[in-house]
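Reading through the structure tokens given below for one structure.
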Amino acid sequence: MLAALRTGTGLGKGFGWPLLGPSGRHLSYVLGIETSCDDTGLAIVDTDGRVHANVLESQQEFHTRYGGIIPPRAQDLHRARIESAYDRCLAEAQLQPDQLTAIAVTTRPGLPLSLLVGLRFARHLARRLKKPLLPVHHMEAHALQARMEQPATISFPFLCLLVSGGHCQLVMVRGPGRLSLLGQTLDDAPGEAFDKIARRLRLHVLPQYRLWNGGRAIEHAARLASQPLAYEFPLPLAQQRNCHFSFAGIKNNSFRAIRARERMEETPPDGVISNYGDFCAGLLRACSRHLMHRTQRALEYCLQPNVQLFGDAPPTLVVSGGVANNDAIYANMEHLAKQYNCRSFRPAKRYCSDNGVMIAWHGVEQLLQAGESCLRFDYDSIDVQGSAGFANSLEADVNAAHIKCKWVQPLD
Ligand code: KG4
Ligand code: ZN
């Protein structure tokens with residue numbers, strides 16, 4: 001399919017840009033700009049999915065000091081860094097600004113103050129260079145990222161579990177702008193729960209975790225467990241036969257369990273409970289199992305004979321977003337998919353978390369799928385949106401299907 005699209009029919013016509021040749025090689029370069037949260041990411045990707053530059057400036061160190069993201073400070077940091085990140089990006093790619101075909105920029109969903117920095121910078125560049133803009137939906141970009149490395153293998157449609165710091169969603173992906181929502185979290189996202197629980201555990205006072213995000217620290221700590229079965233958490237939404245998620249209950253139970261242990265051990269106010277590894281193992285197991293159950297129901301829904309959402313394509317599950325970095329969670333998803341003869345993929349770890357590459361690649365996907373119709377010169381009518389859904393929702397259908405599952409046992 002991509003090969004056919006790479007012939008570039010129509011793309012670039014009238015604008016004097018290089019057309020995509022039959023080989024698709026090196027002919028179009030898209031700059032991607034990501035500033036939806038606390039990472040300033042700029043990257044240049046070509047229409048073959050080759051990454052020519054990838055600059056990522058994390059604000060983790062700053063926000064760790066304050067125990068969370070302060071939106072006006074995040075905005076200041078993006079502002080202070082975006083111009084030099086752009087210069088470094090061009091230098092790394094050894095390209096002149098003129099050689100860019102288009103500028104893709106995250107416009108939704110995200111922190112509005114942060115999104116605005118990226119959009120204003122993108123508009124300014126687009127005007128100066130007379131280049132088109134490609135507005136990008138951040139969660140769609142996570143969903144499409146795995147295709148950059150294997151576009152021919154991961155064909156549309158596929159089922160995608162999006163797990164990040166702000167979202168938890170199951171979506172059927174048919175192409176850029178063509179996603180259908182099957183289920184989503186009713187409260188916290190898993191990454192958000194991990195970050196808050198890690199903070200409450202005070203894992204950041206341990207030198208090895210000082211600059212790590214909560215999810216990564218919990219994954220590492222869980223491997224140190226001597227009694228991995230010491231903590232059990234009740235499974236959320238066990239009575240609801242749909243594909244929604246909930247992590248607030250697990251988070252609140254975690255806070256209670258930590259407080260009880262701190263009282264018992266008389267942990268000092270800047271200390272960490274002695275069995276934090278056991279605790280993290282129990283937490284990860286509960287989250288992993290919950291994610292598995294909801295994804296299993298989504299697979300059963302998609303594979304129903306009267307639904308057949310995969311059509312003629314091989315059943316495929318993609319896991320993406322920052323939490324997809326987690327090997328324990330991904331191994332369970334891979335295991336689950338196998339039981340349904342379904343293939344599973346995740347992006348390379350460096351592209352699971354927020355970055356500019358995924359935004360540039362989404363721009364490429366838009367170009368490949370829609371041609372020049374997706375290119376925007378009406379710069380001022382493009383705006384940011386703090387929250388944004390998908391084109392279509394199947395949530396009511398999933399609810400109505402009321403699917404009962406015989407649970408696949410997790411690997412642990
Ligand atoms: O996709 P992402 O970079 O940003 C958002 O769009 O939210 O995801 C960030 C989230 C953080 O909450 C972080 O705790 C989580 O991804 N995360 C992980 C791991 N690495 C990052 N969660 C579990 N295990 C990991 N190894
Ligand atoms: Zn993200």
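Just so it is clear, the structure is predicted and the values come from calculations on it, not from any experiment. Each residue takes its place number in the sequence, starting with 1. As the structure lists them, so they are numbered: ligands from 1, and atoms in each ligand from 1.
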Would you check if the side chain of D278 reaches a backbone N or O of Q227 as a donor-acceptor pair within less than 3.5 Å? yes
Treating Q59 as the side-chain partner and A74 as the backbone partner, does any N or O pair qualify as donor plus acceptor under 3.5 Å? yes
Shortest protein contact, [atom] (heavy atom only):
| atom | value |
| --- | --- |
| atom 24 (N) of ligand 1 | N326 ND2, 3.0 Å |
| atom 26 (N) of ligand 1 | E219 OE1, 2.8 Å |
| atom 10 (C) of ligand 1 | G165 N, 3.5 Å |
| atom 1 (O) of ligand 1 | G322 N, 2.9 Å |
| atom 2 (P) of ligand 1 | D354 OD1, 3.3 Å |

So, W212 versus H204, ring centres under 6.0 angstrom or not? no
Verify the ring-centre separation between H290 and F247: is it less than 6.0 angstrom? yes
Quick one: do E262 and R202 satisfy salt bridge (charged side-chain N to carboxylate O under 4.0 Å, His left out)? Show the steps, please. CA-CA 12 Å; E262 284 176 345; R202 292 189 282 273; 2.9 Å; yes
Honestly, for H138 the part within reach of ligand 1 (heavy atoms, under 4.0 Å) is side chain
Test side chain to side chain contact (heavy atoms under 4.5 Å, CB included) applied to C168 and L291, V323, L162, the passing residue: L291
With a cut-off of 4.0 Å, which atoms of ligand 1 are near a heavy atom of [X]?
| X | value |
| --- | --- |
| S164 | 1 (O), 5 (C), 6 (O), 7 (O), 8 (O) |
| H142 | 1 (O), 6 (O) |
| G215 | 14 (O), 18 (C), 19 (C), 22 (N), 23 (C), 24 (N), 25 (C) |
| F194 | 22 (N), 23 (C) |
| G166 | 7 (O) |
| G191 | 12 (O), 14 (O) |

Is [X] salt-bridged to [Y], cutoff N-O under 4.0 Å?
| X | Y | result |
| --- | --- | --- |
| R261 | E266 | no |
| E83 | R88 | no |
| R346 | E334 | no |
| K404 | E300 | no |

Given D195, T106, N213, which has its nearest heavy atom closest to atom 11 (C) of ligand 1? D195
Any cation-pi pair here, R79 with F121, using under 6.0 Å and within 45°? no
Near the Zn ion (ligand 2), which protein N/O/S atoms are found at less than 2.8 Å? H138 NE2, H142 NE2, D354 OD1
Would you say the side chains of R174 and S180 form a donor-acceptor pair under 3.5 Å? yes
